[in-house]
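The structure under discussion appears below in the form of structure tokens.
So that the names make sense, note that chain A is the first sequence line, chain B the second, and so on, each numbered from 1.
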Amino acid sequence: MDLLSDLNEQQRIAVTTTEGPLLILAGAGSGKTRVITHRIAYLIAERDVPPSNILAVTFTNKAAQEMRERVEKLLSDVRLQSAPLVSTFHSLCVRLLRRDIAGLEEGYTRSFTIYDQDDSVRVTKACVKDLGFDEARLSARQVQSQISHAKNSGLDAELYAARVESHDEKRAAIARVFRLYEERLRSNNALDFDDLLIKTVRLLRKSDDVRERYNDRFRFILVDEYQDTNSLQFALIRLLTQKQQNICVVGDDDQSVYGWRGADITNILNFEEQYPNTQVIRLEQNYRSTQNILDAAGSVVKNNTERKGKTLWTSNPSGDLLRYYQALNAEVEARFVAARIEEHLRLEPKTRAAVLYRTNSQSRLFEEALRRAGIAYNIVGGFSFYERAEVRDIVSYLKLALNPHDSIALMRVINSPPRGIGKQTLDEIERRAKDYAVSHWETIAIMAEGGERLAARTVAALKNFHQIITKLVEASGREPASEVVKAAILDTGYANTLKAENSDEAEARLENLQELVNAAVDYDNEEAGGLREFIDAAALSSDTDQYKGDAHVTLLTVHSAKGLEFPVVFIVGMEDGLFPHARSASDKAALEEERRLAYVAITRAEKYLYVTHAMKRRVYGEELASEPSQFLNEMPLEIMEDLSRGASWLSFARGSSRLESRQAARALSGAGDSKRHTGKTYDSAESIAEFFRQRSQQVGGSSASAPAKATTQKARAASASNNSPSSSASGFVPGTHVRHPKYGRGLVLRREGSDDSAKLTVSFPGFGQKKLIEKYAGLEKA
DNA sequence: GAACTTGCTGAATTG
DNA sequence: CAGCAAGTTC
């Protein structure tokens, strides 16, 4: 088979440049996966590289699996002795550590357990409690994320503590939790997700032996989604490429959306400096989307300053206009989306649609609307299979089967199903474990022998539990994984308790457990890994792994959608404070990341792209007014079609921007001209548009290169609407959040007149818009 | 010890 | 509004 015939020129160079460092800047939809898979196949088939010398690293299992399958397909007529290793960063680390962790000399053994985030939070919580800190003031979740952040930036507990200012009480507390947390993990022979990378890097640094071995083994390394790598992952790559520099990284700086998780965009921006003699290849032809969709994406992302800059182009037709919809509230938005999906499926039963949202909590309304419309959907994220309580319980039993000293697992299931071991007994176990300085498991063994101050009932209950686990441990020594899973479900009483409940919910849980058994059976058949690997896979499985490519309708966050494509895409909740998220508003870098996120969302679409927003939305159970996202304003309005009922932000923004430079700059396209509106009938929309116009001036427009233009724009706006924006430094300019003695929090929409006699139009959630004279209103900044 | 009630606090994105 | 911890009752 000719591996190069169906590639374009750039792709071909990317595939055949096999020696030396290579940076492939691959725009969205430019055939990135195809290049990687062809490259692997090419190395094997044309350059006679033994597959075992190739390592390809991805971020998700799903991507890894897809890559494996595609390579296999390309090489279907080549006989292979081995397969290239296609793996996620985390499973690569597990693989190394399962073999060599003892070389670290930190007391860890090869049978270490992996703590996922939920486990980590549990440990953190226990640490906070045991150190006597107030759990309400020091939320375990927050502390855990601080610890994780520290670990990812190369700080251990000691370094972190040393960095904490003495007066910063909270951080000092976190530092103490951090230290205890690390101790607990170590004494449980457990590693959290961050440790997997940290320990691997440390091991490769420490042991020349191990480092050499893997340098010799992996002579050709590929890294996908390189823009998402963090400093530890970079260090890992560095260590693996000491002997050779056949390192090929593929990424797109415009799609870097994991900065909050420690991803370091400079890894890709500075790759050429880190690896001298790097060849750079740009893949800029997009095969996925229509021209209009690409225009929208480009028009948004070009507002970012921190980027390498590239322009996607396509030979695809311009396609349909983007479809815009302004909903009264979030419920209406969901109903609109469901109705449109129904329509698309009616016209094209085989099409696939995706609903993309910023936060998982938005999914519920769409689930309800789709269910009501009788449309089947698939949802990614939220509670994934391995995160369900019953699955986690059984997995905990399995962990105990391999290592009964795993206290986290033990405490999780010691009384589920209920077997008469209550809080009193648990506290007693905790106390004694600490006193004797032995594991909970050993403590239970001692207590099960009976003794002073223990009720006979308690002793019997503990004995029972001890026996159950002992049996599981024995079973794990001789039975295949699936049999141990069955035992963990049946012999622990778990299944019986669920059956006895006799409810629909219990029924569903039983089905999930059946599913777990099925997974284990598959595992027994396919790989000879055994229970250990089965549990590792469960721990490392991720949300995006649940994505089913053949589903007609998929609900997922924008983050989870990265790397996927759909003929029909809905980007919903395009509102200020939601997308971009409020937590990013203050920070320029964070806002740029949000913008890249918008870019990712837009470029998922092949043919039809919908953008929607709601005027009102429930937050914390309270209904709040919301403004359209600034990213909507950054799209070319003339390639949007307005599907809103009645007046909308778009209809007004379009009318009001007619005279302004943005229109002139985009005069190329004649679309939208037929939809001229005077704006006079659109009271609320008018104020929203006003708000935008004002804000774009405050922010200084989209590019730094046009100060002169910004001034004329400002002057014109001022004369047109009789405003004097930002002339009174002390006053409340539109966009400011204010507090009113009677109406509470509100948003300034408009300001008329100057100095302190200015008239303000302020929108108060729940009270509507009020016109107020600034000097009498008693407003304060909120 | 278990099941139920109340009252509080807090959700951004994920391997 | 929801999920969780502490408090209450059987």
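Between A:Tyr258 and A:Trp260, the angle of the ring planes lies from 30° to 60°, which puts this pair in the tilted group. Between A:His90 and A:Phe193, the angle of the ring planes goes over 60°, which puts this pair in the perpendicular group of the 30/60° scheme. Using the six-membered ring where Trp is involved, A:Phe366 and A:Tyr357 have ring planes that are parallel, under 30° apart on the 30 and 60° scheme.
If you take atom C1' in C:dC4 and the same atom in B:dT13, they sit 23 Å apart, rounded to whole Å. Comparing the same atom, C1', in C:dA6 and in B:dA11 gives a spacing of 23 Å after rounding to whole Å.
Counted by atom type alone, A:Ser145 and A:Ser148 present zero donor-acceptor pairs between their side chains at under 3.5 Å.
Of the residues A:Arg583, A:Arg358, A:His581, A:Gln630, the one that meets the side chain to side chain donor-acceptor pair (under 3.5 Å) test with A:Glu594 is A:Arg358. Partner of A:Tyr181 under the side-chain contact (heavy atoms from CB on, under 4.5 Å) criterion, chosen from A:Ile174, A:Thr124, A:Val128: A:Thr124.
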When you look at A:Gln227 and A:Ser256, which way does the side-chain hydrogen bond (donor to acceptor under 3.5 Å, both in side chains) test go after all the steps? CA-CA 5 Å; A:Gln227 75 283 349; A:Ser256 161; over 6 Å; no
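Between A:Lys423 and A:Arg364, the one whose closest nucleotide on DNA chain C sits nearer the 5' end is A:Arg364.
Separation of the A:Phe579 and A:His613 ring centroids does not fall under the 6.0 Å cut-off.
More than 12 non-hydrogen atoms from other residues, nucleotides or ligands lie less than 6.0 angstrom from CD of A:Glu368.
Residue contacts shown for A:Lys125 are limited to sugar-phosphate atoms, with no base heavy atom under 4.0 Å away.
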Report all interatomic pairs (protein N or O, nucleotide N or O of nucleotides 3-5 of chain B) with separations under 3.5 Å.
none

Between protein and nucleotides 8-10 of chain C, what N or O pairs are separated by less than 3.5 Å?
none

5' to 3', nucleotides 10-15 of chain B under a 4.0 Å protein heavy-atom cut-off (B base, S sugar-phosphate only, - none) gives BBBBBB
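Contact of the A:Thr557 side chain with the A:Thr359 side chain is not registered, since no non-hydrogen atoms from C-beta on lie closer than 4.5 Å.
Counting to the nearest Å, the P atom of B:dC8 and the CG atom of A:Leu138 are 21 Å from each other. The CD-P distance, from A:Glu501 to B:dA2, rounds to 14 Å in whole Å.
For the pair A:Ser87 (side chain) and A:Leu92 (backbone), a donor-acceptor distance under 3.5 Å is present.
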